[in-house]
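Here's the structure we're looking at; comments come further down.
We count residues from 1, following the sequence as given. Quick caveat: nothing in here was measured; it's all calculated off a predicted structure.
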Amino acid sequence: MKIHLLDGTYELFRHYFGAPSRTTPDGQEIGAVVGILRSLLALLAGAEVTHLACAFDTVIESFRNELYEGYKTGEGIDPDLLAQFPLAERAVEALGITVWRMVEFEADDALATAAADFRGALGLEQILIASPDKDLAQCVDGNRVVTWDRRRDTLLDAAGVRAKFGVDPASIPDWLALVGDSADGFPGIPGWGAKSAAAVLSRFGHLEAIPSATDLWGLPSGRAARLGEELRQRWDEVLLYRTLATLRTDVPLGSSLSDLEWHGAARSLKDLSLEWDLADILARVPRWR
């Protein structure tokens, strides 16, 4: 058995910018929603896709915005895209897929929680977290929990995370804290780039384990001294960034493994078809409940 965990927010953004525009009979834009439905139907055509769920950022802001003023918000997002979030949640649920609507937490937290909850499931072969978001690399566990970039069809297992980022999955929050994450709105620590962060964290794993003696870091002495001074001066800042980058695994999802098993599209998809003129989508549904 494989479990597919989908980042609905990423999928909605991807299809908003990649799928053609389409409107309902009353003029509402649903191009991205239709793109998601087509994409998920293609996924469900695979014989190994039996258990899956999709998480959305129902509200863009989360508890992290209370921790850091500069954290990402919905500001600047096209209203046509924002208006499709509730429509996408409704459509994916009508397709018969479990939907997690995140308000206090983020979609990535839901995916991280599900990966932690189900990784010990009896008969599990693999959990695939379908998102290219680098935050989710921290959830990778050997080859049992991997991330999957569906657009490029590439998998990252633990060895792949090390090859890409230079650190183990468990060190990804520390790495992001040093390097920064422009997508989430925090800058990292001045002077610390991907290579220097990887060089130090590949040796010591976590921020607290980095020795104050910079000559032990394995970097040129002058550069290590400068980086060490920045880290010392911004210690509280870097710990905050790591908190922002650390995905929560305690989200109350309210779903059991059996809830993730796909039994076919719900009858409500036919109602959507009448409302939104989705006859072409209905024709592709392989199974109904």
Side-chain angles (χ1 to χ4, degrees), residues 1-16 18-58 81 83-102 107 110-111 113-115 117-118 121-131 148 150-151 153 251-289:
M1 173 184 62
K2 292 186 177 182
I3 300 173
H4 291 76
L5 303 175
L6 302 158
D7 182 347
T9 298
Y10 165 73
E11 292 290 340
L12 193 58
F13 271 82
R14 178 165 77 95
H15 290 289
Y16 181 75
S21 174
R22 179 164 170 173
T23 58
T24 63
D26 63 1
Q28 188 170 33
E29 176 61 46
I30 57 168
V33 178
V34 173
I36 289 178
L37 287 174
R38 290 182 179 276
S39 177
L40 292 178
L41 284 167
L43 179 65
L44 289 165
E48 65 179 10
V49 181
T50 60
H51 294 71
L52 68 168
C54 189
F56 285 93
D57 291 301
T58 298
L81 172 55
Q84 291 185 71
F85 272 80
L87 306 182
E89 293 170 352
R90 181 183 172 194
V92 172
E93 204 162 52
L95 192 54
I97 296 172
T98 293
V99 170
W100 296 318
R101 295 170 169 86
M102 294 295 104
L111 301 177
T113 296
D117 287 350
F118 299 130
L122 186 65
L124 177 69
E125 179 184 346
Q126 193 174 55
I127 294 176
L128 296 96
I129 303 175
S131 174
W148 177 31
R150 293 183 64 207
R151 187 167 66 87
D153 194 22
V251 177
L253 298 176
S255 301
S256 66
L257 182 57
S258 62
D259 294 326
L260 273 59
E261 186 172 1
W262 191 72
H263 297 287
R267 307 300 296 183
S268 55
L269 187 61
K270 294 186 176 182
D271 297 332
L272 277 185
S273 176
L274 292 173
E275 184 181 342
W276 295 351
D277 190 18
L278 299 178
D280 55 321
I281 296 295
L282 288 189
R284 300 179 61 182
V285 177
R287 191 193 322 165
W288 295 88
R289 290 184 177 180

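Going from atom CG of Asp117 over to atom CG of Leu253 covers 6.0 Å, rounded to the nearest 0.5 Å. Taking CD from Glu29 and OG1 from Thr24, the interatomic distance works out to 9.0 Å, rounded to the nearest 0.5 Å. To the nearest 0.5 Å, atom OH of residue Tyr10 and atom CG of residue Leu111 are 13.5 Å apart. With rounding to the nearest 0.5 angstrom, the CH2 atom of Trp100 is 8.5 Å from the OG1 atom of Thr113. With rounding to the nearest 0.5 angstrom, the CG atom of Leu5 is 6.0 Å from the CD1 atom of Ile127. With rounding to the nearest 0.5 Å, the separation of CG in Leu257 from CE in Met1 is 4.5 Å.
Side-chain atoms of Trp262 come within 3.5 Å of backbone N or O of Leu95 as a donor-acceptor pair. Proximity of a side-chain donor or acceptor of Arg150 to a complementary backbone N or O of Ser39 within less than 3.5 Å is detected. When atom types are taken as modelled, the side chain of Ser273 and the backbone of Leu282 share no donor-acceptor pair closer than 3.5 angstrom. Under a 3.5 Å cut-off, the side chain of Gln28 and the backbone N or O of Ile30 do not form any donor-acceptor pair. Of the possible donor and acceptor atoms, one in the side chain of Gln84 sits under 3.5 Å from a partner among the backbone N and O of Val33.
The only option from Leu43, Ile36, Val92 that meets the side chain to side chain contact (heavy atoms under 4.5 Å, CB included) definition with Leu6 turns out to be Leu43.
A heavy-atom distance below 4.5 Å is found between the side chains of Leu12 and Phe85. The side-chain heavy atoms of Arg101 and Glu93, taken from C-beta on, include a pair separated by under 4.5 Å. With a 4.5 Å cut-off on side-chain heavy atoms, Thr58 and Met102 do not count as touching. Two residues are said to be in side-chain contact when any heavy atoms from C-beta on lie closer than 4.5 Å; Leu41 and Pro286 meet this criterion.
Scanning all heavy atoms of the two residues, the minimum distance from Ser255 to Thr98 falls at OG-CG2, 3.8 Å. For the pair Asp259 and Gly254, the tightest heavy-atom approach, listed with the atom from each and the gap, is OD2-O, 4.1 Å. For the pair Ala115 and Ile129, the tightest heavy-atom approach, listed with the atom from each and the gap, is CB-CD1, 4.1 Å.
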Begin from the C-alpha positions of Asp7 and Phe13 and carry the test side chain to side chain contact (heavy atoms under 4.5 Å, CB included) through to its verdict. CA-CA 10 Å; Asp7 182 347; Phe13 271 82; over 6 Å; no

Check against side chain to side chain donor-acceptor pair (under 3.5 Å), Ser268 and Asp271: CA-CA 5 Å; Ser268 55; Asp271 297 332; 5.8 Å; no

Please tabulate, for the side chains in residues 44-54, all donor-acceptor contacts under 3.5 angstrom to protein atoms that are two or more places apart in sequence or on a different chain.
residue : atom : partner : partner atom : Å
Glu48   : OE1  : Lys2    : NZ           : 3.2

Per-pair distances, 0.1 Å, donor-acceptor, side chain in residues 274-281, under 3.5 Å, sequence neighbours excluded:
residue : atom : partner : partner atom : Å
Glu275  : OE1  : Arg90   : NH2          : 2.8
Asp280  : OD1  : Arg22   : NH2          : 2.9
Asp280  : OD2  : Arg22   : NH1          : 3.0
Asp280  : OD2  : Arg38   : NH2          : 2.5

